[in-house]
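To start, the structure itself, in structure tokens.
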Amino acid sequence: MKLLDGKICAESLVSDISKKVVGYVGSGLRKPHMTVILIGEHAPSESYVKSKIKSCASAGFDSALLRFPENITESELLAKISSINADPATDGLIVQLPVPKHINPQNIINAIDPEKDIDGFHPTNFGRMTLGQKAFRPATAYGICKLLQFYEIPVKGKHCVVIGRSNIVGKPISIMLSNDFDIGNATVTLTHIETPRELLLDETRRADIIVVAVGIPGFVTEDMVKEGVVMIDVGINRLESGKLVGDVDFENVSKKCSWITPVPGGVGRMTVAALMINTLMAYENNFNLL
Ligand code: NAP
């Protein structure tokens with residue numbers, strides 16, 4: 001078993017980005033700029049936002065963290081997004097999810113200018129990506145593809161099983177792996193909560209690559225996988241003990257894997273790296289550098 005190390009891969013990608021930024025700034029351009037909106041107090045979100053801002057510094061980007069109280073109204077938030085959309089000094093905008101319950105997350109996602117939507121959640125980017133067009137690709141799914149590419153894991157022609165169909169992970173990674181992309185051209189089965197257990201087992205037991213994003217610790221067990229499987233564990237679950245674990249029973253499943261992502265230090269790091277790639281792309285679009 002070998003580790004698909006998200007830390008090493010992310011650092012390499014961010015280092016490449018920072019070299020490009022040095023060149024752009026040296027030619028007289030401003031730095032790329034990411035703005036992150038954080039609402040209320042939510043410990044996991046605090047930690048995700050912190051790592052995004054830290055990664056901006058490593059990439060040579062400017063960043064701004066805008067904090068709003070839990071009781072901000074949807075219309076106030078939409079007005080803020082609208083003003084950032086109109087600000088030429090911001091290339092990429094993230095509204096950290098989840099938003100408080102009184103705010104409809106889809107209204108927020110839809111309000112972000114698709115040209116600044118570095119999370120890749122806006123229907124315009126999701127639609128373009130699905131059609132195989134140039135787009136900001138959803139960051140976690142894009143990060144997984146970059147990780148597979150970095151470790152030269154063959155994907156074309158492989159049988160991939162995705163467990164979980166969320167709009168931010170399961171659905172986009174199933175589309176991306178099956179599309180005619182550089183990292184793609186796999187045959188993909190997307191499973192979800194309504195997938196009968198026997199069917200899920202049939203699929204996972206013959207999968208070459210499994211991507212799991214269900215948010216249930218230990219969901220994937222040793223008996224569910226074949227020898228040599230490539231296992232991508234997207235889950236981030238905090239146990240009562242405080243320990244962070246994924247959706248895979250790492251200790252036992254890893255013995256059968258050819259490659260596996262650790263948690264932490266796997267997909268999470270790659271999500272942030274993909275945001276940096278998307279921000280650089282937004283910036284290069286703005287300055288017609290592509
Ligand atoms: P989500 O929105 O809660 O979606 C979970 C998905 O799992 C749903 O599609 C659900 O099916 C499916 N599911 C639940 N129980 C299942 C079962 N027994 N069998 C098959 N499918 C089942 O979660 P998410 O946002 O995708 O996140 C999943 C996990 O990944 C969480 O631990 C989250 O913290 C983590 N995450 C990590 C990153 C990262 O950067 N590493 C990024 C995003 C999320 P239904 O649709 O039918 O309900």
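Order of appearance sets the numbers: ligands from 1, and atoms from 1 within every ligand. Side chains are part of it too, since the values below use all heavy atoms of this structure and drop only hydrogens, waters and symmetry mates.
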* To do: Just need the protein heavy atom nearest to atom 13 (N) of ligand 1, so name the residue and atom and give the distance.
  => V214 CG1, 3.7 Å
* To do: Distance to 0.1 Å, residue and atom name: give those for the protein heavy atom nearest to atom 29 (C) of ligand 1.
  => G215 N, 3.6 Å
* Heavy-atom gap A213 to ligand 1 smaller than 4.0 Å -> yes
* **Salt-bridge contact E11-K7 (side-chain N to carboxylate O under 4.0 Å)** => yes
* **Identity and distance of the protein heavy atom lying nearest atom 46 (O) of ligand 1** => R165 NE, 2.8 Å
* **F126 six-ring centre to R137 NZ/CZ under 6.0 Å and within 45° of normal** => no
* Separation of L93 CG from D113 CG (nearest 0.5 Å) -> 9.0 Å
* To do: Considering only NZ, NE, NH1 and NH2 on the basic side and carboxylate oxygens on the acidic side, decide whether R165 and E194 come within less than 4.0 Å.
  => no
* **ligand 1 contacted by V272 (non-hydrogen, < 4.0 Å)** => no
* **Closest approach of any protein heavy atom to atom 24 (P) of ligand 1, naming residue and atom** => S166 OG, 3.6 Å
* How far is atom 25 (O) of ligand 1 from its nearest protein heavy atom, and which residue and atom name does that atom have? -> I168 CD1, 3.5 Å
* Criterion side-chain hydrogen bond (donor to acceptor under 3.5 Å, both in side chains) on N107 and E74, from CA distance to verdict -> CA-CA 9 Å; N107 291 345; E74 186 170 304; 2.7 Å; yes
* Structure fact -> For V234, the ligand 1 atoms with a heavy-atom partner under 4.0 Å come out as 30 (O), 35 (C), 36 (N), 37 (C), 38 (C), 41 (N)
* Asked: Under 4.0 Å from atom 15 (N) of ligand 1, do we find at least one protein heavy atom?
  -> yes
* Structure fact -> If we number the atoms of ligand 1 from 1 as shown, the ones under 4.0 Å from a heavy atom of F219 are 17 (C), 18 (N), 19 (N)
* Please verify whether a non-hydrogen atom of N237 lies at under 4.0 Å from ligand 1. => yes
* Compare V169, T140, I236 and give the one whose heavy atom is closest to atom 33 (C) of ligand 1. => I236
* **Salt bridge present between E115 and R128 (N-O < 4.0 angstrom)** => yes
* Numbering as shown, the atoms of ligand 1 that approach G164 to under 4.0 Å (heavy-atom distance) -> 6 (C), 7 (O), 9 (O), 12 (C)
* State whether the side chain of T90 and the backbone N or O of D87 hold a donor-acceptor pair below 3.5 Å, judged by distance alone. => no
* Asked: Taking everything shown except Q133 itself, do over 12 heavy atoms lie less than 6.0 Å from its CD?
  -> yes
* To do: Only heavy atoms count here, so choose which of V267, V245, I193, V263 is nearest to atom 48 (O) of ligand 1.
  => I193
* Testing T130, D117, D119 for side-chain hydrogen bond (donor to acceptor under 3.5 Å, both in side chains) with N125, which one passes? -> D117
* Asked: E194: heavy atom below 4.0 Å from ligand 1, yes or no?
  -> no
* Structure fact -> Note: ligand 1 atoms sitting under 4.0 Å from heavy atoms of I216 are 15 (N)
* Structure fact -> Near T271 (heavy-atom distance under 4.0 Å), the atoms of ligand 1 are 39 (C), 40 (O)
* Which of the numbered atoms in ligand 1 are below 4.0 angstrom from a heavy atom of G235? -> 29 (C), 30 (O), 32 (O), 35 (C)
* **Y283-Y24 aromatic ring centre distance below 6.0 Å** => yes
* To do: Answer yes or no: is there an ion pair linking D62 with R30, defined by an N-O contact shorter than 4.0 Å?
  => no
